[in-house]
Amino acid sequence: MKIDFSQQLDFNNVLIRPQRTTISSRSEVSLERTFHFKNSDTSWTGVPIIASNMDTTGTFEVSEVLDKFKMLTCLNKFYNLKDYKQFLFEKQSNLDSKSYSEYVSNIIISIGIGKEDLLKLDNILTLFPEIKWICIDVANGYMKKMVTICKSIRKKYPNKIIIAGNVATGEMTQELIINGGADIVKVGIGPGSACLTRMKTGVGIPQLSAIIDCADAAHGCGGFIIGDGGITCPGDMAKAFGGGADFVMCGGVFSGHDENPGELIMEKDKNNNEKKYKLFYGMSSELAMKKHYGKMANYRASEGRVIKVPYKGILEVTILDYLGGLRSTCAYINAYKIKHLPKCCTFILVSQQLNTHFVK
Ligand code: 5GP
């Protein structure tokens, strides 16, 4: 047994130090970034924020909203070929070819590492070769099989942008890029709002430190990272980018809107006021397991929560709030582009992040 005594940070342990800036309006800030991915020799330009591939957020309906802001949606693993066919054929017939190809460049197919996942991927890409992105997603990206599968998908699809995860340390980030051939590594073990991994397993790394460590490792070998999970407010997203995340993925933030699936739940609070909620749940929760696999296997514990999220209205409002917050962070630290955030960012350790005087 060993103990690492170095300080490990979460978003709420730090604030970003303001500094002299020549930016006089948030409108001068650009949140778009162009990436060139070394392993796939492919480029993408957009706002590097991604809706998580949970079945409540990684949906076609959510992708239509995010696409308007040039953001990405990682579609959930439970869409089958028929779902892709139905949605994309209709999209193709409703949009001109430029808008269709822009839309398609902002969706990501996600798969696990089972045989049926690989077959599904092949089928989707045979029919829709214009889709650029593949996300190979497992809860524990440290498995040897992950690297093997990633490598074989890279061989088969040399020009697709491959995301692999999840991990939370630099050495495994490099392993997935160098030996797996991934372009981007998804980082986050246990920070998610619907996640119970840390409670059920004791495993995890505070998310800001995981991002800093993995970003450094990825950038050292020509790769990129996604900070996945743990974003609770626009400030957290700014901190994730400031810590070196090239992309940020959110689940909870994008849940609870009109565009998310599921009925509105009406409940009375203790003052008898009617409150509206929508259901959001971890993909390893008992609810998700039962929904998609019919049962919860008894060799595994549920590592996901089921949450009633207060209803938030339309998704666009949340997106504008986050993009506005990010632009403002950039203005406070003289970062004209989102890409400049890490080099303009100094984190200070704090013992209190927010004034909670009026918060119960
Ligand atoms: P959030 O943005 O809600 O904080 O985190 C979203 C991320 O949580 C997802 O992208 C995914 O990586 C992770 N996640 C989703 N469902 C589960 C789950 O059931 N268990 C765990 N451990 N993580 C989950």
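Order of appearance sets the numbers: ligands from 1, and atoms from 1 within every ligand.
The minimum heavy-atom distance linking Ala164 with Ala182 is given by the pair CB-CB, 4.0 Å.
Residue contacts with ligand 1: Cys250 is included, with a non-hydrogen atom under 4.0 Å away. Residue contact annotation: Gly230 has a non-hydrogen atom under 4.0 Å from ligand 1.
Ion pair Lys68/Glu64 not flagged as a salt bridge, since none of the NZ, NE, NH1 or NH2 atoms sits closer than 4.0 Å to an Asp/Glu carboxylate oxygen. Ion pairing between Asp117 and Lys77 fails under the 4.0 Å rule for side-chain N and carboxylate O. With respect to the salt-bridge test (charged N to carboxylate O, under 4.0 angstrom), the residues Lys312 and Asp258 do not qualify. A salt bridge links Arg154 to Asp183: at least one charged side-chain nitrogen sits closer than 4.0 Å to a carboxylate oxygen. Salt-bridge check for Asp122 with Lys156: passed, with a basic side-chain N closer than 4.0 Å to an acidic carboxylate O. The pair Glu116-Lys120 fails the salt-bridge criterion, with no side-chain N (NZ, NE, NH1 or NH2) lying under 4.0 Å from an Asp/Glu carboxylate O.
Considering backbone and side-chain N/O of Gly229, none are found under 3.5 Å from N/O of ligand 1. Considering backbone and side-chain atoms alike, Ser193 places an N or O below 3.5 Å from some N or O of ligand 1. The shortest N or O to N or O distance between Phe280 and ligand 1 is not under 3.5 Å. An N or O contact shorter than 3.5 Å links Ser52 to ligand 1 by distance. Not one N or O of Pro191 is nearer than 3.5 Å to an N or O of ligand 1, by distance alone.
Each of the atoms 1 (P), 2 (O), 3 (O) of ligand 1 lies under 4.0 Å from some heavy atom of Gly252. Atoms of ligand 1 lying under 4.0 Å from at least one heavy atom of Asn166, given by number and element, are 12 (O). In the vicinity of Glu303, heavy-atom distances shorter than 4.0 Å reach the ligand 1 atoms 18 (C), 19 (O), 20 (N), 21 (C), 22 (N). Those atoms of ligand 1 that come under 4.0 Å of a heavy atom in Met249, given as number and element, are 10 (O). Taking every heavy atom of Thr197 and a limit of under 4.0 angstrom, the matching atoms of ligand 1 come to 21 (C), 22 (N).
For atom 2 (O) of ligand 1, the closest non-hydrogen atom of the protein is Gly251 N, 2.8 Å. Counting only heavy atoms of the protein, atom 12 (O) of ligand 1 lies nearest to Asp228 OD2, 2.5 Å. Nearest protein heavy-atom contact of atom 24 (C) of ligand 1 is Cys195 CB, 4.3 Å. Atom 15 (C) of ligand 1 has its closest protein heavy atom at Met54 CE, 3.5 Å. Of the protein's heavy atoms, Met283 N, 3.5 Å lies nearest to atom 17 (C) of ligand 1.
Aromatic ring centroids of Tyr79 and Phe87 lie 6.0 Å or more apart.
Grouping the Ile, Leu, Val, Met, Phe, Trp and Tyr side chains by contacts below 4.5 angstrom, directly or via other members, places Tyr277 apart from Val253.
For atom 20 (N) of ligand 1, the nearest protein heavy atom lies under 4.0 Å away. In this structure, atom 7 (C) of ligand 1 has a protein heavy-atom contact shorter than 4.0 Å.
In this structure, Lys239 fails the cation-pi test against Phe347, since its NZ or CZ atom is not both closer than 6.0 Å to the six-membered ring centre and inside 45 degrees of the ring normal.
Judged by distance alone, the side chains of Tyr142 and Thr169 do bring a donor and an acceptor atom under 3.5 Å apart. Looking at Tyr281 and Asp55, their side chains do bring a donor and an acceptor atom within 3.5 Å of each other.
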